Undergrad: 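I have a structure I would like to understand better, so I am pasting it below and will then ask my questions one at a time.
Lettering of chains follows the sequences in order, A, B, ..., and the numbering in each one begins at 1. Keep in mind it's a predicted model, so treat the numbers as computed, not measured.
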Amino acid sequence: MNPYAIRTHDLSKEYNGEAILKKINLQLERGRIHAIIGPSGVGKSVLLRLLNLLEEPTSGEIHFDGRALKENDRLELQRRMTLVFQKPVLFNTSVYENVAYGLKVRKENRRSILEKVRKALEVVDLKNYEHKRARNLSGGEKQRVAIAQAMVLEPEILFLDEPTSDLDPRNVAIIEELIKYINEEFKITVVIATHNMFQAKRLAHEATFLFGGRIIESGKAQEIFTKPKDRRVLRFIEGKMIF
Amino acid sequence: MNPYAIRTHDLSKEYNGEAILKKINLQLERGRIHAIIGPSGVGKSVLLRLLNLLEEPTSGEIHFDGRALKENDRLELQRRMTLVFQKPVLFNTSVYENVAYGLKVRKENRRSILEKVRKALEVVDLKNYEHKRARNLSGGEKQRVAIAQAMVLEPEILFLDEPTSDLDPRNVAIIEELIKYINEEFKITVVIATHNMFQAKRLAHEATFLFGGRIIESGKAQEIFTKPKDRRVLRFIEGKMIF
Amino acid sequence: KRKVSHLILATTTSVENSGLLNTLITSFEKEAKVKVDVIACGTGKAIRLAENGDCDLILVHDPEAEKRFVREGYGIDRRSIMYNDFVIVGPRDDPAKIKGIRGVIPALSAITHKKASFISRGDDSGTHKRERMLWERAGLIPEGEWYQETGQGMGPTLIIASQKRAYSLTDRATYLSYKKKITLDILYEKDKLLYNPYSIILVNPERHAHINYKRGIEFIDFLISDKGKRIIREFGKEKFGEPLFHPIGE
Amino acid sequence: MDYILAGLKEALQLLLSFDRETYTIIFLSLRISGTAVLLASCLGIPLGALVGLHRFPGRGVITTILNTCFALPTVVVGLFIYLFLSHRGPLGMLGLLYTPGAMIIAQTILATPIIGALSLVAVKSVDPAITKSAISLGATRIQTTLAVLREARVAILAALIVGFGRVITEIGAAMIVGGNIKGTTRVMSTAIALETGKGKFELALALGIILLTIAFLINAGLYYLQRIRE
Amino acid sequence: MDYILAGLKEALQLLLSFDRETYTIIFLSLRISGTAVLLASCLGIPLGALVGLHRFPGRGVITTILNTCFALPTVVVGLFIYLFLSHRGPLGMLGLLYTPGAMIIAQTILATPIIGALSLVAVKSVDPAITKSAISLGATRIQTTLAVLREARVAILAALIVGFGRVITEIGAAMIVGGNIKGTTRVMSTAIALETGKGKFELALALGIILLTIAFLINAGLYYLQRIRE
Ligand SMILES: Nc1ncnc2c1ncn2[C@@H]1O[C@H](COP(=O)(O)OP(=O)(O)OP(=O)(O)O)[C@@H](O)[C@H]1O
Ligand SMILES: Nc1ncnc2c1ncn2[C@@H]1O[C@H](COP(=O)(O)OP(=O)(O)OP(=O)(O)O)[C@@H](O)[C@H]1O
Ligand SMILES: [Mg+2]
Ligand SMILES: [Mg+2]
């Protein structure tokens, strides 16, 4: 098996002629937790959407398991990974229906869906929320539903876009524990886009810094957070104190 | 002038028969920064919506300047305060139109609108974003537009619902500075709902803790953060380390 | 207020559709400096509009209803101005063999006997009423699969009859103008009972004061004038080889 | 005013007399228009979703054509179908002319672009993020489309209501391809036109009132269903 | 097929011969239906917004009534208005019967509930948070409503297109209250019905093609306008 879950080759993305991501070469090693870090508007979310095959790059390639993406295994690949969006977008149905969705499209049987959904809701501390309408939830509750939605699928690769920005400390702790647990236990590759330096430090094995559309530094999280080579990264890390 | 910008009397709110807020008695002193703190789903956002007159309480009263709310000065009151929502809801127009909206409905002249909007966009570091469509912005960019949208109105009372949850450290610093500045300079009363204990500590003069639908502790921020009386508050504050 | 320079004439669709009315009115308008607005609708509706005072004149062909209309005081000055005739049309192979039969009543009996398809307008129009009168005279009650009612104007009814290879009773004018679109031949014609007179009636100004009585009389006078008669006599000759209508009082 | 009262009275009498002809007309209307709306939904909703959710060259043209179909005179549709189904026409041998089948075809053709155009607007009004979310959760193309349609359910329902209203009230096509033949293809709308032509305004109003009452009951049922499902 | 080709040829001839009668009919159609849609928007959009954005008792009933109006037979509306405008009717003295004014009234009555019902769905599809945001930013009730309508602009535009299509193609009411008088109240739809009745299918198709072409141009213009504004 290829040691890299995902590799990108000169991945670029433009919107209306404006280059957002410029020749990104990323190597995401299997089974590790990767943090994508950078200032607001740098393109972290765009990058995750590209990796999750939700948008087409303007140029460049993405390789999964060492092989370039082929159009006809798109669905199969898609089902091996999941993205938790920065703004949770929930269906206008019940919490249960929302969490069950990914399992239903995979045609799992009802019994196992019920079981998994119940368990996931318990983990994110939304035990009695099954029948509530997703639309009326609080910000943090919505975010937890979105996380549960992804977790029940037990994907090979899990993309998390600022997954705890609307959560209180207790829930942050729960979610981070969960991320660590599934990474260690099921060897799930996790990619987190975050501006929360604490979180990146606590969770990530590897870190990639984006700046001005390019990767300016990338490597072992430990090293980058302690002695960054790039001045801009240093400045960014120092900014953490005002978080 | 009444020393309290807002006082509530036994303010309660139910949804579908479920009590969310139970007899909240809140005193928000004029010209100070107040933090509303509590776990996810406790009702912080609901409280701000009630105070901003966006929803009707199930029972209880809200007094502005010491006087109970009268139906016919609703608009005038509304225009003296503004709420920045937890999830920014932007109009599907340009960034400029979004920020200008509140000024336009107040029928300010074009010149001054242009000036104020430009200035506000500069402050939130979105200088060349005027003509971009608000829908396509990144999470942090949207949040900054929403803050600019409220700031240009120079309200007497500013409600902020998790205003920096999607921002990177640099922008968090900018916004916090801005909040402090307008509070000191223009004596604007600020009410922040947040789960970011660091932020509450850095900004707030007063803090109110919500738990199980009730106020469990309230007072000077300094005191509460250093020696809370309630055990639950203590636990919550200690949880900050995992943020 | 309604303009006095307008005259509203409610008439049956068959007259309007033939184009005769258009020719007559163009000629009349030139002389009289009055505009005639034509409302084309079924006989029933035309009479109803006249009762309500919503037109000045009606031009219809349903003698029974016309008489009642005048008797009840809604109309005055009823004049029969022209006629044509009804004919029975049917598929060329004439399954009921009515061609050459003596009399319309035997023709209908033959159709009934054969249970050959017959399409009726079934819309209470002048034509339909005449058809019903004929069945009555024949002492027959048309019923069953073979007898169908369309509830439409003469033209559409002819088309349906053609598609269904059925017999139908029609006025000659409409048949001639539809001849090219259908595969039906005239199989029976020229019986006294098939005489089809058209009358013009003024709405009674004593009932409806706003009626444009003077202009209405002028229009009637025009229709029965030599010029009017000539137009009626000549109309359609060129196109169909025979006139569609004949003026009365030749 | 008397007319309207007379119409109401007549409507009640018609319904209470259990006149077989009246009920035949009512049920035929419902059967034909119901079937047509069903068929049109099967075509129109996927069409609208396809055009609404995908970007491809010619999308604007298709959208414009769909919108133009709102201005499709029913008589013209009727004529077209007549020309096809007539004995001389290419499909004449089917013998469909003047049958409920022909009316269903005509009404389906009328309703499909309407339901399509409104479904298009409906799916376009759904937050595009919903699509991405469904895909990310592993939905196939069809499942994604269904998820979007579920979000747009209120507007899709409205599309069906508009389509149904269009076909159950239209006269032009029903007259031409159905023939308004008593007992076979006479439906409420053509019956109303017939009675109006006869000058029997009260009877026409009565039938109109019955038609509206049926439509009201259907709509009330749909509204109620939708409410309890939310 | 020949019919259709003949119709196309006839349409071209009609247009290119600059036949005054044809152009009178076209412009009258556009004037009457355009005015009616304008008036109906002034009534229907606020009505839809009102019902869509506020909760009050009877809201469900109003919604259902609006939806029912899609099944309002145009003949019935025509009859109603006829009864009012007839000389015997309460408004007979206005002398509006058989004038374009009467047709505008009828078409406005037909289009208002349609535009209302679709506007209702349109504003309901807008994220309710938009309303709250506008209010919080100091918008008055009316300004808030306008903000929501702006968000729903695509769907509102569709409502207008549906309304326009409904009235420019309808025959029932136009015939009864307009009378289809040559030069005065003859519009495209009634002219098509007339030619069809006369058996002049080519001419009817030709007029239908012209009507569709006009509708297509209007829709294309709207689509284009909307595109450049986005
Ligand atoms: N669909 C789009 N159309 C046009 N521009 C877009 C689109 N999506 C993103 N952008 C732009 O691309 C840039 C990068 O956006 P992205 O959402 O990836 O930022 P981010 O790094 O996630 O920022 P944040 O921390 O604020 O979430 C932004 O400037 C944004 O405005
Ligand atoms: N419109 C509504 N209808 C029904 N329930 C609601 C509605 N709005 C809020 N709630 C419920 O009220 C509770 C409080 O919500 P609120 O949004 O105020 O929480 P919060 O304290 O802001 O939480 P968070 O930190 O997650 O944003 C939640 O359980 C939520 O599900
Ligand atoms: Mg982002
Ligand atoms: Mg909240």
Side-chain angles (χ1 to χ4, degrees), chain C residues 10 12-14 39-52 54-55 58 60 62 65 69 74 91 117-126 128-129 142-166 168 180-184, chain D residues 1-3 6-7 21-22 24-25 28 75 78-79 81-89 91-100 102-103 171-205 207:
Chain C
T12 62
T13 30
S14 49
I39 315 275
C41 49
T43 301
K45 190 172 156 197
I47 289 177
R48 195 70 191 260
L49 293 180
E51 285 174 6
N52 288 349
D54 293 321
C55 58
I58 56 174
V60 292
D62 182 358
F69 179 71
Y74 289 108
S117 287
F118 188 98
I119 302 289
S120 162
R121 282 180 65 170
D123 63 349
D124 280 0
S125 60
H128 180 226
K129 283 191 175 155
E143 252 179 9
E145 280 284 295
W146 61 277
Y147 183 85
Q148 292 186 310
E149 295 183 6
T150 65
Q152 295 201 65
M154 197 65 249
T157 302
L158 282 176
I159 289 186
I160 293 173
S162 166
Q163 292 282 341
K164 286 189 171 267
R165 312 182 157 281
S168 191
K180 281 208 208 102
K181 297 227 145 47
I182 55 181
T183 52
L184 297 175
Chain D
M1 288 303 92
D2 340 342
Y3 275 106
E21 201 184 325
T22 311
T24 309
I25 292 177
L28 191 63
V75 176
L79 271 182
I81 297 172
Y82 166 76
L83 296 177
F84 274 90
L85 296 185
S86 112
H87 272 296
R88 285 197 201 159
L91 301 176
M93 64 290 179
L94 295 180
L96 273 173
L97 201 61
Y98 311 130
T99 64
M103 298 171 78
I171 302 169
M175 282 280 188
I176 296 175
V177 306
N180 191 25
I181 294 168
K182 191 173 155 186
T184 319
T185 55
R186 184 163 298 167
V187 288
M188 303 202 69
S189 61
T190 56
I192 291 172
L194 173 63
E195 297 306 335
T196 307
K198 284 185 191 169
K200 294 194 183 161
F201 295 168
E202 294 82 358
L203 200 55
L205 280 180
L207 287 169

Undergrad: Do you know which of C:Lys164, C:Gln163, C:Glu149 has the most heavy-atom pairs with chain D at a distance under 4.5 angstrom?
TA: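 Max contact count across the listed options: C:Gln163.
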
Undergrad: Answer with side chain, backbone, both or neither: which region of C:Ile47 has an atom nearer than 4.5 Å to a non-hydrogen atom of chain D?
TA: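 Contact with chain D involves no heavy atom of C:Ile47 at all.
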
Undergrad: Does any part of the side chain of C:Thr150, heavy atoms only, come nearer than 4.5 Å to the side chain of C:Pro156, both counted from C-beta?
TA: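 The answer is no, as the side chains (C-beta and beyond) never meet within the 4.5 Å cut-off.
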
Undergrad: Quick one: list whatever passes side-chain hydrogen bond (donor to acceptor under 3.5 Å, both in side chains) with C:Lys129, sequence neighbours left out.
TA: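 Only C:Asp62 meet the side-chain hydrogen bond (donor to acceptor under 3.5 Å, both in side chains) criterion with C:Lys129.
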
Undergrad: At a heavy-atom separation under 4.5 Å, does C:Ile119 approach chain D through its side chain, its backbone, both, or neither?
TA: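 Answer is neither: C:Ile119 stays 4.5 Å or more from chain D.
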
Undergrad: Under 4.5 Å from any heavy atom of chain C, what part of D:Thr190 do you find: side chain, backbone, both or neither?
TA: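 Neither; nothing under 4.5 Å.
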
Undergrad: Hey, are the side chains of D:Thr184 and D:Thr99 touching, using non-hydrogen atoms and a 4.5 Å cut-off?
TA: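 When only atoms from C-beta onward are counted, D:Thr99 and D:Thr184 do not touch, as no gap falls below 4.5 Å.
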
Undergrad: Using side-chain heavy atoms (C-beta onward) and a distance below 4.5 Å, is C:Leu49 in contact with C:Cys41?
TA: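 Yes, close enough: below the 4.5 Å cut-off.
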
Undergrad: Heavy-atom distances under 4.5 Å only: say whether D:Leu97 touches chain C with side chain, backbone, both or neither.
TA: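 Contact with chain C: side chain only.
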
Undergrad: Checking the side chain of D:Arg186 only, and the main-chain atoms of D:Asn180 only, is there a donor and an acceptor separated by less than 3.5 Å?
TA: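 Judged by distance alone, yes, a pair lies under 3.5 Å.
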
